[in-house]
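Report on the following structure.
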Amino acid sequence: MNNISWQDIRKVIVDFLQQRLANNSSYKSELTKLEKAKQAGDQNAVNESQQKVLEFSKRFDFENWMEDAATRRIFWISVCNTTSKGIHSSSLGNNINFFTIAKPNEQQYVSSLTPLTIKADCSGNAASLDIFSLLNQTVNNKTLLELIIDDHPAVLKALSDDEQKAAIYLANFKKVIFNDFEKPKADELNKQFYWPNSEESYLSQQEDNYRLLVPLHPTSLCNVVYQKVQTRFSEENKKAREQRRLKGVEHQPYFTFHHLAVVKLGGSNPQGVSQLTSNQGGRNFLLPSMPPKFERSQFPSIGQKKESVFDNSLQYFCRFGFRLLFDMVAAPKNVVEERDNRKDAFAVILTLLLKFARNIQTSMPAGWSRDYSLLMSQKLWLDPNRAELEDEENFKHQYEQGNWVVELEKDFAFWIKNALIEKFDNTKKQFSDAESQEWRREFREAVKASQRRKEGIF
């Protein structure tokens, strides 16, 4: 950037003005009239057209244009990246930009400071938007706007041969670019929030200690989103999308956006909002912002303070098996039917229990049980991959010994007994140690069957 001279900047400005003059419709029309007058030999018409062409040329003369632009028309616009008119096109509140603000080291939310590069925007009188166009002219890959923000030493001399005028021009440019408001203002059409500066301010309902927040429309950030969404119509994106249907070709990633909405700003005159809004035809894309749809897991969760998974939530998960078990206990006794019904009940309970265990083993990261209060036998069962981690030799040793499976049998039998006692308060004495041994046997058989099928649950 240091190799940019004032002559380089001056040349860019002069070339810009010459191009503006050449593209001026009135100037081109007058040149056409002049040529026709010369061909017709009408000297009066020639003189009249030449005078008008000269007047147009003087308007775009470097010193004349700069004095008018940098002392009068510059205050008709504001360089910004958030606009007041984006909230309401009739708002007369100040617009703001963040180009002069250092980015925070840590950002916890998306804002206009998030993108690495962001376009400047301009809002104001359309008769002065050519000044903004000048500020976007590049000198060695740096815009004049960036050079002014960076306080490049070559800018001052490039603005005028008169040092005093150049200083005034530069000061006026900076005033607009750096939001140097003499009297900052919002507008009644802007949304405004009063935010308490402390908890005491809010609770007392008397202390006048609030900060006024005036949300503005993030026009430059919205333009980043707009340009990103528009990439779906690029040739590269269309080609990549079409190739996804073809076999034998290398597939490339492509962009697609679903459930978009469009809001138009500025009505029939989006330029009244800002230049970027005008470039977008007033259209701003809205991404879907519906709350996420959380799918509740069918399996019970394990809280960090839970000491045993054999609780009421697991009983509810296995409720269909328990319903069969309760029906069997409540029904009139028949040895054959009782045996079959009990077998069916435990088949359902144990099938669901093993599904629950498999889900925990595969969905939780290895070592998750370190921070949980579960019994060690249940940690060894539900967190088997922890044995492969570093500094878990003791855990691995206990896992390989296998004594934890016996502890699980006891926990399972105790769980069944408590469920029956809670259901049948007046029959506590019917559930003897022999019953508990039978329940443990059911669990043991389920473990062996799972091991034979190599399900990896035990």
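If you read the sequence from its start, that first residue is 1, and numbering goes on from there.
Asp383 is not listed as a side-chain neighbour of Met364, based on a closest heavy-atom distance of 4.5 Å or more. The shortest distance between side-chain heavy atoms of Leu144 and Phe173 does not fall below 4.5 Å. For the pair Lys228 and Val224, the minimum side-chain heavy-atom distance is 4.5 Å or more. By the 4.5 Å heavy-atom criterion applied to side chains, Glu236 and Gln252 are not counted as neighbours. Looking only at side-chain heavy atoms (C-beta outward), Met376 and Phe395 come within less than 4.5 Å of each other. Looking at heavy atoms from C-beta onward, Val12 lies out of side-chain contact with Asp15 at the 4.5 angstrom threshold. Looking only at side-chain heavy atoms (C-beta outward), Arg283 and Thr277 stay at 4.5 Å or farther from each other.
Closest of all the heavy-atom pairs between Ala120 and Val79 is CB-CG1, 4.3 Å. Nearest heavy-atom pair, Arg440 versus Ala413, reported as atom, atom and distance to 0.1 Å: CG-CB, 3.6 Å. Gln192 approaches Ala186 most closely through the heavy-atom pair NE2-CB, 3.6 Å. Here the closest non-hydrogen pair linking Ile4 and Val139 is CD1-O, 3.4 Å. Here the shortest heavy-atom pairing between Ser128 and Ile77 reads CB-CG2, 3.5 Å. Contact between Gly321 and Ala345 at its shortest, heavy atoms only, is O-CB, 3.6 Å.
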Derivation of the side chain to side chain contact (heavy atoms under 4.5 Å, CB included) call for Phe346 and Leu324: CA-CA 9 Å; Phe346 277 95; Leu324 291 174; over 6 Å; no

From CA spacing to verdict: side chain to side chain contact (heavy atoms under 4.5 Å, CB included), Trp415, Leu314: CA-CA 10 Å; Trp415 178 51; Leu314 187 58; 3.9 Å; yes

Check against side-chain hydrogen bond (donor to acceptor under 3.5 Å, both in side chains), Thr138 and Asn141: CA-CA 5 Å; Thr138 58; Asn141 297 321; 5.9 Å; no

Candidate pair Ile13 and Leu159, rule side chain to side chain contact (heavy atoms under 4.5 Å, CB included), full reasoning: CA-CA 9 Å; Ile13 298 175; Leu159 296 181; 4.3 Å; yes

Full working for side chain to side chain contact (heavy atoms under 4.5 Å, CB included) between Lys174 and Asp151: CA-CA 10 Å; Lys174 286 185 175 181; Asp151 204 18; 2.9 Å; yes

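In this structure, Leu374 CG and Phe310 CZ are separated by 10.5 Å, a value rounded to the nearest 0.5 Å. Rounding to the nearest 0.5 angstrom, the gap separating the OG atom in Ser123 from the CG atom in Asn97 is 12.5 Å. Atom CG of Leu420 is separated from atom CD1 of Ile416 by 7.0 Å, given to the nearest 0.5 angstrom. Gln280 contributes atom CD, which lies 7.5 Å from atom SG of Cys222 (distance to the nearest 0.5 angstrom). With rounding to the nearest 0.5 angstrom, the NE2 atom of His217 is 11.0 Å from the CG atom of Asn81. From Asn94, atom CG reaches atom CG of Asn190 across 9.5 Å, with rounding to the nearest 0.5 Å.
Listed by chain and residue number, Glu438 satisfy the salt bridge (charged side-chain N to carboxylate O under 4.0 Å, His left out) test with Arg441 (two or more places apart in sequence, or in another chain). In this structure, Ser133 has no side-chain hydrogen bond (donor to acceptor under 3.5 Å, both in side chains) partners at least two apart in sequence or on a different chain. Applying the salt bridge (charged side-chain N to carboxylate O under 4.0 Å, His left out) criterion to Glu250, with sequence neighbours excluded, gives no partner residue.
Geometrically, Arg232 engages Phe285 in a cation-pi contact, judged by NZ or CZ lying under 6.0 Å from the ring centre and within 45° of the ring axis.
Lys306 NZ: more than 12 foreign heavy atoms inside a 6.0 Å radius. Within 6.0 Å of CD in Gln304 there are more than 12 heavy atoms belonging to other residues, nucleotides or ligands. Atom CZ of Phe414 has 12 or fewer neighbouring heavy atoms from other residues, nucleotides or ligands inside a 6.0 Å radius. More than 12 heavy atoms of other residues, nucleotides or ligands sit less than 6.0 Å from atom CG of Asn23. Counted within 6.0 Å of CD on Gln451, heavy atoms from surrounding residues, nucleotides or ligands total more than 12; the atom is thus considered enclosed.
Not one N or O on the side chain of Ser89 forms a donor-acceptor pair closer than 3.5 Å with the backbone of Gly266. In this structure, His251 contributes its side chain and Leu246 its backbone to a donor-acceptor pair below 3.5 Å. The backbone N or O of Leu375 lies less than 3.5 Å from no partner atom in the side chain of Gln378, so there is not a single donor-acceptor pair. Side chain of Lys379 to main chain of Tyr372: a donor-acceptor pair is present (N/O by atom type, distance under 3.5 Å, no hydrogens or angles). Side-chain atoms of Glu409 do not come within 3.5 Å of backbone N or O of Trp439 as any donor-acceptor pair. Here the side chain of Ser220 pairs a donor or acceptor atom with the backbone of Lys119 at under 3.5 angstrom. Judged purely by atom type and a 3.5 angstrom limit, Arg244 has no side-chain atom pairing as donor or acceptor with the backbone of Arg241. Remark: the backbone N or O of Ala347 is paired with a side-chain donor or acceptor of Thr351 at under 3.5 angstrom. The backbone N or O of His152 lies less than 3.5 Å from no partner atom in the side chain of Asp150, so there is not a single donor-acceptor pair.
Counted by atom type alone, Asn279 and Gln275 present one or more donor-acceptor pairs between their side chains at under 3.5 Å. Judged by distance alone, the side chains of Asn237 and Thr231 never bring a donor and an acceptor atom under 3.5 Å apart.
Taking the six-membered ring for Trp and thresholds of 30 and 60 degrees, Phe322 and Phe326 have ring planes inclined between 30 and 60 degrees apart. Aromatic ring orientation, Phe443 versus Phe412: tilted (interplanar angle from 30° to 60°). Note on ring orientation: taking the six-membered ring where Trp is involved, the planes of Trp404 and Tyr399 are parallel (angle under 30°, cut-offs 30° and 60°).
At a threshold of 4.0 Å, the pair Asp130-Arg73 counts as salt-bridged, since one of the basic side-chain nitrogens sits closer than that to a carboxylate oxygen. Between Glu235 and Lys238, at least one side-chain N (NZ, or NE/NH1/NH2) sits under 4.0 Å from a carboxylate O, which counts as a salt bridge.
Screening Asp121, Asn95, Thr83 for a side chain to side chain donor-acceptor pair (under 3.5 Å) with Thr219, the sole residue that qualifies is Asp121.
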